[in-house]
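Read through the structure below, which is laid out as structure tokens, and then see the notes.
For the numbers below, each heavy atom of this structure counts, side chains included, while hydrogens, waters and symmetry mates do not. Throughout, protein chains are lettered first and strands after them, A, B, ... in sequence-line order, and every chain is numbered starting at 1.
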Amino acid sequence: MADETSLNPEQGAAVEQTSGPLLVLAGAGSGKTRVLTQRIAHLIDHADVAPWNILAVTFTNKAAGEMRERIEYLVGDEAAGRLWIGTFHSVCARLLRYESKAFGLHSDFTIYDTDDCRALLRRLLVALDLSEQDFPIRQVHGEISRAKNAMIDVPTFAGRAAHNPHKRRIADIYDAYEKGLRANNAFDFDDLIVEPVRLLQRFPEVLEKCRRRWKHILVDEYQDTNRPQYLLTKLLAAEHRNLCVVGDDDQSIYQFRGADIRNILDFEKDYPEAVVVRLEQNYRSTGRILAAANAVIDNNVDRKGKNLWTALGEGDLLQVAECGDDRGEARHVVAQIRQLCSQHDYTLADAAILYRTNAQSRVLEEELRRHKMPYIIVGGTRFYERKEIKDVLAYLRLLVNPADDVGLLRVINAPKRGIGDTTVEKIALFARQTHTDLLQAALHAGEVPGLAARAVKAVATFGELMTGLAQQIHEGGLSLPELAQEVLDRSGYLEALRELDIPEADSRIDNLGELVNSMSEFSGRYEGEGIGLSQFLEDVALMSSEDEAMAGAAGGTLTMMTLHSAKGLEYPIVAICGMEEEIFPTQRAIEESRSQPRAIEEERRLCYVGITRARRHLLMSYARWRYLFGQGREMLPSRFLEELPKELVENVQVQAELAWGSPAGADRGVRRQAGGRQGANRQGTGRQGGGQSSPAKQIPKPKAPTGVHYVADEDSGLQMQFPGAGDGTGGDDLLGVGRWVQHPAWGRGQIVAREGDGDKTKLSIRFGATTKRVVAAYAQLQPI
DNA sequence: CAGCGGTTCATTTTT
DNA sequence: TGAACCGCTG
């Protein structure tokens, strides 16, 4: 809150502790990022540490980017550019590429995401003659992943499984899976951490080199580290012991995926000489909000214990709303937010709606659209996980790594070339017999036994396509976006999409255009060696959906996201919806808690995270009745609500969407008729946003392929049709949030945020995967 | 081989 | 409610 450079005594202590192990227990909103960045600046400016000797590891790309940005501000671009800042995964991927030769790996490996891994497993099950019924892919993959993260290798796993037939089969799958990955020259996410650990354990000279390189190590969100990540930092820091970890045990919300809270709880055991600093002054929230957070988290046993305090004053009561049903809840929450906005002069960008599961967003979206309120959804389907994007990337992957069978299987018949399953199977068999990869086999289609002439021809076409592209790369002179364009054209992918007579086709084509744009942007940044294809692919594989500059964005766009995605963010107004048993905490957590009472604690921490996102106004709501699994159900209020001290809470009651009758039946008919429901607006919040109502949307697009966090094109299109809809910012102009523009250098982009006004208007524009901030007056933007 | 329609399934969270 | 999967048909 205070300016960037002023520090309280604890923060100052952490910054100035420049050597030896340091544990910073940083409560929510206590300025931990400031401490981290200042500490790095301090190391460089006052402790004579070279930037390239500093390794700072974060949990998300977004956090890494923000940290780099803030450090740039402190020490300048030059020094900041030489720091090692990144996620565990990206730093490790880099390490693996550098050191690949040391242990006989290809440096051009492919990173398999969850989908790819499942595709591989699916094939392996067939090969092992096991049914997906008995071995559900999800579960098997989960089990393998858990084993890997516990550093249990295949022989060990098999040893432990000896007595259990089912486990033994899984050991076989695990074995085949590992071999499959290696044969495909691929790593999964887990490997990216686990393999470097093994590498460092096995090769002392590599370890030595790394220790010399990274003389100071800082780890953010330490409570979220898993076993291999812990081992990695331990290995690297064992000698110089300059390890600074920052975290909050109360905000550990990723144990479900292997984060080990002991890493932070036992830090002082591992490093007895560690200095411990607690940051307990919160600069974010009002007293009542903090008191509520403290009261809730106090029910957890598994914690170090701390108490946040604030100098910001009591603030308002929290509101807990009991709603008749989920739609009533949505209506109430939206109405409340509107009211708070007009009362306190906030814009919609100052508000966030949080929920436990993504599925809950739908009802809220409907309500927001009804009011023509612009919103963005953080998370959801990621851009790079869309089918069309993954398809094109698979072509590119295959060009870098011809052994990538999973990639090949993805594209050999996309677009349709008349290569069906039987043909593929024959090729696969041939590949196995001749000990090559699928691409090699496909290139020798003529030799594959039992392949009909027509199939041979089809496969040959595909083979020529790939060799042709490979050759073009070889000859050089092709830029990254040009290469992508070649793939799109020569593969016939784009053409097939154009001919496809379905409504989504257009947005898919747009997405592909964005992909090409993101490549242009990338090659602009990474001029130099080659076309940087494999670096691009790595970036993309490790990219999360949160690489956007949306925190603190002005511009009248409300944010919705899961509680998980909200970690690290803050808003003046926060609403947490679905405060109901079996939703939050989830049914699963409740079940688990029967045998393992602590299972609830992670949910409670999540609740704590949610509460502490709020700066001024916190609204929690539950519905007594909601659609779940497509069916109406009665719900009970969440136990977490009972943990809120009564004196902090104002309780309100909101009636159901339909006052009487079975909500189930009545509800349905009205549903999508946005225009038809007059009563929807009543609920009396006073002023409406944009006066003139408009004709019902012409393209209801039954499917909202959320995708990019910004509600997909058609939605922003909707917003555009109704200027003035927003509120706060006059949305009347061509450079409002949601608008698409053309930039001379970066191509097509979508405006995601807007700050300031007049000459000083700054816009954040997302071009493909990256977001740029520009001054509207200078950027030569062309609205499209 | 592709496309359709019916079925079943599951819904945490993400690098 | 919806996505993903299966089996059937053309």
May I ask you to list the residues of residues 252-263 of chain A, by number, that have any heavy atom positioned under 4.0 Å from an atom of DNA chain B? A:Tyr254, A:Phe256, A:Arg257

Euclidean distance, atom NZ of residue A:Lys387 to atom P of C:dA4 [Å, nearest integer]: 7 Å

Residues that A:Cys92 engages under side-chain contact (heavy atoms from CB on, under 4.5 Å), provided they are two or more places apart: A:Ile193, A:Pro196, A:Leu232

When you measure from the side chain of A:Phe629, which nucleotide among B:dT15, B:dT11, B:dT14 comes out closest? B:dT11

Here the distance between atom C1' of B:dT15 and atom CG of A:Asp224, to the nearest Å, is 11 Å

At under 4.0 Å between heavy atoms, which parts of nucleotides 1-8 of chain B does protein reach? Answer with one letter per nucleotide, 5' to 3': B base, S sugar-phosphate only, - none. SSS-----

Taking side-chain hydrogen bond (donor to acceptor under 3.5 Å, both in side chains) as the definition, give me every residue that meets it alongside A:Asp191, ordered by chain and number, with sequence neighbours left out. A:Lys148, A:Arg182

Just checking A:Arg227: does its CZ atom have more than 12 heavy atoms from other residues, nucleotides or ligands closer to it than 6.0 angstrom? no

Provide, to the nearest angstrom, the distance between the CD atom belonging to A:Glu365 and the C1' atom belonging to C:dT1. 14 Å

Do other residues, nucleotides or ligands put more than 12 heavy atoms under 6.0 Å from A:Glu591 CD? yes

Rounded distance (Å) that lies between atom P of C:dG2 and atom CD of A:Gln360: 15 Å

Could you list the residues that satisfy side-chain hydrogen bond (donor to acceptor under 3.5 Å, both in side chains) with A:Asp421, not counting sequence neighbours? none

If you look at every heavy atom in A:Thr87 and A:Asn61, which pair is closest and at what distance? CG2-N, 3.4 Å

Verify the contact: side-chain N or O of A:Thr60 to OP1 or OP2 of B:dT15, cut-off strictly under 4.0 Å; return yes or no. no

5'-most contact on DNA chain B (nearest-nucleotide basis), A:Ala541 vs A:Thr586, goes to A:Thr586

Atom CD of A:Gln139 and atom C1' of B:dC9: how far apart are they, to the nearest Å? 13 Å

To the nearest Å, how far apart are A:Glu591 CD and B:dT11 P? 13 Å

Between B:dC9 and A:Arg138, is there an OP1 or OP2 to side-chain N/O distance shorter than 4.0 Å? no

Applying side-chain contact (heavy atoms from CB on, under 4.5 Å), name anything that partners A:Val57, two or more places apart in sequence or on another chain. A:Leu55, A:Phe88

